[in-house]
Protein chains: 2
Amino acid sequence: MTSSIFHRVTVIGPGLIGSSILRRIQKDRSLATYTVAYDNNPDVCNRVKELQIADEVCSDPETAVKDADCVILAVPVGVMGEVTKQIAPYLQKGAILTDTGSTKASVIAAIEPHLPPDVVFVPTHPMAGTEFSGPDAGFESLFENRWCLITPTPNTTQEAIDKITEFWQKMGSNTRILDIKHHDKVCAIVSHLPHLIAFTICNTADSLEEETRSEVLDYAASGFRDFTRVASSDPTMWRDVFINNREAILEMLARFTEDAQAMAKAIRWKDEEYITETIQKGRRIRKSLIDNKQVQ
Amino acid sequence: MTSSIFHRVTVIGPGLIGSSILRRIQKDRSLATYTVAYDNNPDVCNRVKELQIADEVCSDPETAVKDADCVILAVPVGVMGEVTKQIAPYLQKGAILTDTGSTKASVIAAIEPHLPPDVVFVPTHPMAGTEFSGPDAGFESLFENRWCLITPTPNTTQEAIDKITEFWQKMGSNTRILDIKHHDKVCAIVSHLPHLIAFTICNTADSLEEETRSEVLDYAASGFRDFTRVASSDPTMWRDVFINNREAILEMLARFTEDAQAMAKAIRWKDEEYITETIQKGRRIRKSLIDNKQVQ
């Protein structure tokens with residue numbers, strides 16, 4: 001009998017990400033021998049029970065975490081601190097606390113004040129997801145061949161980093177250690193800003209005169225459809241991401257706006273060279289992504 | 001023997017769109033009994049010959065169009081006028097000239113001055129495409145279940161509209177007659193602006209400091225990948241679209257920029273309600289698209 005990385009893993013917030021973790025563990029018991037799910041929404045708890053993807057579903061935080069050697073916070077980044085405060089008194093000595101939030105500086109700042117001294121926190125960001133949410137949206141292969149970024153704090157032990165690294169690699173992810181601020185900046189441009197833009201353009205379309213608006217829906221070509229796929233993601237999660245990584249996002253939006261204005265000027269003045277160059281850069285980046293195997 | 005809509009169809013510019021038309025006719029001879037392809041690039045002509053998707057490949061405009069009862073311009077919108085000027089002297093009396101350009105007001109303005117009085121022009125926009133280009137990129141089902149918009153001028157005869165409508169419906173498209181200016185405005189928001197934004201964000205990413213830039217490629221999450229798919233489209237085609245529909249595009253970009261600034265302000269001031277509302281509108285539009293069956 002091979003031993004598992006963790007004995008008892010508790011997932012707090014079994015939504016798209018959390019339920020995918022549970023499903024993966026159910027398939028691969030070398031990740032954990034026992035899983036517990038907890039959510040403050042009874043409907044979510046009931047649904048997880050029906051789906052039978054956790055060994056145990058708890059309705060109170062104390063029972064959920066008290067025997068766990070690993071607790072995974074898979075809740076919107078805006079409530080990470082509050083949830084940690086709630087569970088902190090019951091965390092086992094020596095337990096690892098980790099999270100799956102898309103922003104790291106703000107999550108660390110929210111969690112650390114509540115952290116008991118004998119619990120190690122490993123800030124983690126699995127870069128995976130779909131436009132769907134909730135326990136039904138998860139699936140066991142969600143993290144396969146996707147990046148999982150780990151952003152240790154000065155208090156994170158090497159032993160805990162190693163365990164979480166092994167855990168995510170067994171989930172199918174490629175892991176990398178990243179500086180906290182650097183993580184937030186990179187994610188602002190590759191993920192947060194594209195989502196902000198997608199939400200915004202849907203609003204721009206929605207605010208057009210009635211006649212045009214109804215036709216926008218009729219004739220939505222591939223460009224707009226791709227944008228709206230991104231735009232159909234979970235509102236609470238993204239609201240929290242925007243607010244919690246606001247400095248990096250506002251910086252990237254400012255840069256993008258400058259570039260968009262430069263493009264507008266080139267279009268107005270028919271600067272063919274500038275426009276062509278801009279488009280060609282897009283193609284080069286696309287090619288790099290394909291070379292990096294980030295694109296199917 | 002059933003008769004075909006046209007006897008001899010000439011496709012000028014057998015790229016993604018043009019070669020897809022040729023392939024479809026090859027499969028369904030009720031569209032046309034004979035097809036001719038012409039391109040001013042000899043490499044494209046040779047490739048079309050190798051692919052055997054046209055009954056005849058011509059290397060001069062006169063031979064290409066002189067016996068055709070339908071000539072389809074599938075070239076970038078910026079050269080529609082020039083190409084029409086080149087072929088105009090050889091167009092058959094009573095022939096239908098049509099195009100596949102993504103902008104309509106500018107294409108009509110470019111073509112009409114060169115149009116012989118006994119040739120009818122039917123401005124047409126099949127809303128289909130992929131991020132690939134050239135004769136190899138085409139396929140016979142490209143237009144299936146996609147919109148084909150027809151924007152007649154005061155000189156377009158009802159008979160010619162009916163023939164082109166029948167032609168595109170047999171190609172598998174849903175057709176609709178649209179006002180010229182209205183077409184350009186709707187396409188600016190559903191297609192042109194999303195492409196402009198996608199090209200721009202790739203440039204913003206490309207201009208980041210070296211360290212961040214290389215990681216952008218490593219960690220490009222789904223949001224950015226969807227954008228770059230759009231951004232890998234043909235540079236010449238899109239440069240021409242931007243310049244030729246610049247009024248509508250600049251108007252839509254201005255509206256979008258206002259909305260983005262409002263979102264930036266909401267993020268800076270943590271206006272949760274505004275942010276959530278913006279995201280939820282995106283989801284509603286997405287839902288409408290699914291209801292309209294524009295999304296798989």
Side-chain angles (χ1 to χ4, degrees), chain A residues 127 147 185-186 189-191 194-206 212 215-217 219-221 223-232 235 238-239 242-243 246 250 253 255-256 259-260 263-264 267-268 270 272 275-276 278-283 285-286 288-289 292 294-295, chain B residues 127 147 185-186 189-191 194-206 212 215-217 219-221 223-232 235 238-239 242-243 246 250 253 255-256 259-260 263-264 267-268 270 272 275-276 278-283 285-286 288-289 292 294-295:
Chain A
M127 296 189 78
W147 282 105
K185 208 167 171 178
V186 169
I189 187 86
V190 302
S191 172
H195 277 84
L196 187 153
I197 289 172
F199 297 135
T200 302
I201 201 172
C202 285
N203 274 260
T204 306
D206 199 48
T212 308
E215 292 193 320
V216 165
L217 297 178
Y219 309 129
F224 196 68
R225 282 189 305 164
D226 282 357
F227 273 52
T228 56
R229 195 189 74 78
V230 170
S232 69
W238 282 104
R239 180 201 65 196
F242 293 155
I243 290 176
R246 65 185 173 284
L250 292 174
L253 177 61
R255 286 176 183 238
F256 166 80
D259 292 339
M263 189 69 163
I267 290 169
R268 191 179 299 279
K270 305 185 193 175
E272 298 197 349
I275 300 170
T276 307
T278 302
I279 298 174
Q280 277 166 345
K281 264 191 208 164
R283 285 161 73 95
I285 289 210
R286 176 69 181 176
S288 309
L289 284 177
N292 277 20
Q294 278 276 329
V295 181
Chain B
M127 296 189 78
W147 282 105
K185 209 168 170 177
V186 169
I189 187 85
V190 301
S191 171
H195 277 84
L196 187 154
I197 288 172
F199 296 135
T200 301
I201 201 173
C202 284
N203 273 260
T204 307
D206 199 48
T212 308
E215 292 193 319
V216 165
L217 296 179
Y219 308 130
F224 196 68
R225 282 189 304 166
D226 282 357
F227 274 52
T228 56
R229 195 188 76 78
V230 171
S232 69
W238 281 103
R239 180 201 65 196
F242 293 154
I243 290 176
R246 64 186 174 284
L250 292 174
L253 178 61
R255 286 175 183 239
F256 166 81
D259 292 340
M263 188 69 163
I267 290 170
R268 191 178 298 281
K270 305 185 194 174
E272 299 196 350
I275 300 170
T276 306
T278 302
I279 298 174
Q280 277 167 345
K281 265 192 207 162
R283 284 161 73 96
I285 288 212
R286 176 71 182 177
S288 309
L289 284 177
N292 277 19
Q294 277 278 329
V295 179

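Each chain gets a letter, A, B and so on, in the order its sequence line appears, and its residues count up from 1.
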**Message:** Counting only non-hydrogen atoms closer than 4.5 Å, does B:I285 touch chain A with its backbone (N, CA, C, O), its side chain (CB onward), both, or neither?
**Reply:** both
**Message:** Rounded at 0.5 Å granularity, tell me how far CG in A:D259 sits from CG in B:L196.
**Reply:** 11.0 Å
**Fill in**
Nearest heavy-atom contact between B:K281 and A:N203 is CD-OD1, 3.0 Å
**Prompt:** Where do B:I201 and A:P194 come nearest, in terms of heavy atoms and distance?
**Reply:** CD1-CG, 3.9 Å
**Item:** Considering all heavy atoms, the nearest B:V190-A:Y219 contact
**Value:** CG2-O, 3.7 Å
**Asked** Quick one: what part of A:L250 sits under 4.5 Å from any heavy atom of chain B, side chain, backbone, both or neither?
**Response** side chain
**Request:** Can you measure from OG1 (A:T204) to CZ (B:R255) and round to the nearest 0.5 angstrom?
**Result:** 9.0 Å
**Nearest heavy-atom neighbours spanning A:G282 and B:C202** = CA-CB, 3.6 Å
**Request:** Calculate, to the nearest 0.5 Å, the distance between atoms CZ and CD1 belonging to A:F242 and B:I275 respectively.
**Result:** 8.0 Å
**Asked** Distance from B:F199 atom CZ to A:Q280 atom CD, nearest 0.5 Å?
**Response** 10.5 Å
**Asked** If you round to the nearest 0.5 Å, how far is CD1 of B:I243 from CD of A:E272?
**Response** 4.5 Å
**Item:** Heavy-atom contact with chain A under 4.5 Å, split by part of B:I267
**Value:** both
**Message:** Could you measure the distance from the NZ atom of B:K185 to the CD atom of A:E215? Nearest 0.5 Å is fine.
**Reply:** 11.5 Å
**Heavy-atom contact with chain B under 4.5 Å, split by part of A:L253** = side chain
